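Just so you know, these numbers come straight off a predicted model, no measurement behind them. A note on names: the letters A, B, ... follow the listed sequences, proteins ahead of strands, and every chain is numbered from 1.
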Protein chains: 2
Amino acid sequence: MKTGKAPVTINDIARLAKVSKSTVSRVLNNADTVSELAHARVKSAIRALNYRPSATARNLARRRSNTIALVVQDIRNPYYAFASWFVENELRAHGFQLAVFNADNTASLEREILETVASMRVEGLLSVGGNRDATALVSFHSHSDLPIVLIDREVKGYDIPTINLDNAQGGARATDYLISQGHRSVLFATSDFTDAELHRREGFFQSLHAHGIPRQQGIVFTQEEDKWSRGDCRGLLPFFISPRRPTAVFASSDFKAMHVIRFLHERGLKVADDVSVFGFDDTPIASVIVPSLSTMRQPQQAMIKAAIGLLLCLIGGGDSSGAQRRFLPELVIRESTRPLCGPSGID
Amino acid sequence: MKTGKAPVTINDIARLAKVSKSTVSRVLNNADTVSELAHARVKSAIRALNYRPSATARNLARRRSNTIALVVQDIRNPYYAFASWFVENELRAHGFQLAVFNADNTASLEREILETVASMRVEGLLSVGGNRDATALVSFHSHSDLPIVLIDREVKGYDIPTINLDNAQGGARATDYLISQGHRSVLFATSDFTDAELHRREGFFQSLHAHGIPRQQGIVFTQEEDKWSRGDCRGLLPFFISPRRPTAVFASSDFKAMHVIRFLHERGLKVADDVSVFGFDDTPIASVIVPSLSTMRQPQQAMIKAAIGLLLCLIGGGDSSGAQRRFLPELVIRESTRPLCGPSGID
DNA sequence: CTGAAAGCGCTTACAG
DNA sequence: CTGAAAGCGCTTACAG
């Protein structure tokens, strides 16, 4: 029953059903002003020709696409993969379609995506995560009416509605916890890629300070995101050949924590027993790996729901200039951290 | 510089640049038959009004969308997330856009997606993975001209171009390896959700048989995919309270292997030392976790490239009825498996 | 309840 | 090199 090259159109249906295309359109859109007879004939014509209305034509005529764009920074990252899954489900419940775009942590790609999104005439844009260069986004936002809501991204000096985690507090509370377990020599492992990480680091130092620990004992190890992705942690070596090695590592994400764990393993150090490891995000896998990972949980679903609520409100014409919501992370203690008992832990 | 409610159109540009919309269209499409003057005026009008042509209108007029649909079974699964990343990059190189759809392992959702895809007038469809109910896909394929290529899915009795892994061989070679390490009591942990898993299990039994191991010593533990997702492995308990517990577990995916590892950990059993664990897929995380996971590597990128090549060929009008390619998995030995030394391993 | 007509924002022959 | 016209496949007032 292959239909040949040219797709069947509303005119084909009208002809076969012996009605006007207006009437076909009416049954397509469930109008109640169609006679039973016409309705039946149209329906059967549709079935006979295996007709599906063109979304393209419909969108053009209706001047709306009924779709919302989501741009994530890296779909390979489970955190974003899950976000896209959740956003799609939430939007479906509201009758919207989702178009996902992957920015690959690259500003130039993000720029392209914004162009595409604009030409698609989507009705709203959700962006989750992001690197620090937001110029494309800012310029796009200031030149367009498209409702935009950002998650996990701060754009200073511009009024874009934003849903964020209190990353500084997260960093501080994680560090507080490690210190409360007796750790005095804590290494913060990160990249300086996102504002979120910068704030987590800030919180790290705040906590040290609050506990009267000199800044030098709060060691920071930074390397490019790319090296983390490849699992290249050689840069950590110097910190662990010294006799006064850190007794705890606080990584700026679960993903990095897992790489730190592998590094320690290869150096013959045991997680928890020798070195406590703490993550950030509470990725699904954090509770599965052995030992399971202590981490700061990000209330991702709540944040996404809030963002979608905001976006839908904006689309509905609502005003939310200056809308900023900040969520609090939650301490999750698992197996990868342990109290430091006695001085034997350091040396 | 907000533009007000109605988006600017090609007519606005034509008016401002004092040319016809034909000419605007020409510069939009980089036609070389435009005078310098006209070109410059159009360009500056476009910039002045921040104009972006409507992809919807363009697609309708051109009768092509330039986009390809990818349907994955569960975007939360890193395997699929990576696939979508890779497909997008490959397609970009060929000038196509990608629209990703998530079937959530649900036949009814897959059906809906197929409807959407059809109405979008995409130019091709790639499907990766899939549960065993392919009726929607088969019926769709037989009623439409849309080029379709399947990856990791077998549809028997219908001629849909397919790229598959030789899962039976993968299952057999993995089991061969475990047996070669002295394991005689191997547990195969799986769900019976996909054909791939069924074939892996088949290979498992083939290998046992080839090594003269009675079927009863090849234990199979099956539970629904859903329980695996939730990490509920209580069903494994009976196998491990018996004194003659398995010395090796072969899981039908890396993901399941990780849950098995957690289960063993909670029972006080050490991976590799007490029980060898073997996965399937070689997910990125397999080499990061501690101990790193022995597994069968699936040449995912090569398979995707082959699938895209096939799809592009079909789109170009090529004929590939009966196109079936089968790739071979590769044995990857890491830390989670160990030779069984001496009878002490069994009891 | 139904159809003819205009329009959505583009592209594409066709003349000139 | 350029413009007027027709057309892509729908929807939406407007008459009747």
Worksheet item: Taking CD1 from Ile46(B) and P from dC10(C), how many angstroms apart are they, rounded to a whole number?
Response: 10 Å

Worksheet item: Any chance CZ of Arg325(B) has more than 12 other-residue heavy atoms, nucleotides or ligands included, within less than 6.0 Å?
Response: no

Worksheet item: Can you tell me the Watson-Crick or wobble partner of dG3(C), both distances under 3.5 angstrom?
Response: dC14(D)

Response to the item:
When rounded to whole Å, the CG to C1' distance for the pair Asn11(B) and dA4(D) reads 13 Å

Worksheet item: OP1 or OP2 of dC10(D) sitting under 4.0 Å from any side-chain N/O of Arg121(B)?
Response: yes

Worksheet item: How long is the line joining CZ of Arg64(B) and C1' of dC10(C), in whole Å?
Response: 15 Å

Fill in: Side-chain N or O of Thr9(B) closer than 4.0 Å to phosphate OP1/OP2 of dG9(C)
no

Worksheet entry | Gap between atoms CG and C1', on Asp12(A) and dC10(D) respectively (whole Å) | 13 Å

Item to complete: Could you tell me whether the side chain of Ile13(A) reaches within less than 4.5 Å of the side chain of Leu49(A), counting heavy atoms only?
Response: yes

Practice prompt. Going by the side-chain contact (heavy atoms from CB on, under 4.5 Å) test, name the single residue among Val42(B), Ile10(B), Asp12(B), Leu16(B) that passes it with Tyr51(B).
Written response: Ile10(B)

Worksheet item: Side-chain contact, heavy-atom cut-off 4.5 Å: Leu137(B) with Arg111(B)?
Response: no

Response to the item:
Phe82(A) meets the ring-ring contact (aromatic ring centres under 6.0 Å, His included) criterion, sequence neighbours left out, with Trp85(A)

Item to complete: Compare side-chain N and O positions of Thr23(B) against OP1 and OP2 of dG3(D) and report whether any pair is under 4.0 Å apart.
Response: yes

Worksheet item: So which of Arg62(A), Arg64(A), Arg63(A) actually passes salt bridge (Lys or Arg N to Asp or Glu O under 4.0 Å) with Glu123(A)?
Response: Arg64(A)

Item to complete: Return the value, rounded to whole Å, for the distance between atom CG of Asn66(B) and atom P of dC8(D).
Response: 21 Å

Discussion item. OP1 or OP2 of dC1(C) versus the side-chain N and O atoms of Thr33(A): is any pair under 4.0 Å?
Written reply: no

Discussion item. In this structure, how many angstroms lie between the C1' atom of dG7(D) and the CG atom of Leu60(B), rounded?
Written reply: 9 Å

Worksheet item: With the sugar-phosphate defined as primed atoms, P, OP1 and OP2, and the base as all remaining atoms, what B/S/- string results for nucleotides 11-16 of chain D, 5' to 3', for protein heavy atoms under 4.0 Å?
Response: BBB---

Fill in: Carboxylate-amine/guanidinium contact Lys43(B) Glu36(B), below 4.0 Å
no

Discussion item. It should be established whether Ser35(B) places a side-chain nitrogen or oxygen under 4.0 Å from OP1 or OP2 of nucleotide dT2(D).
Written reply: yes

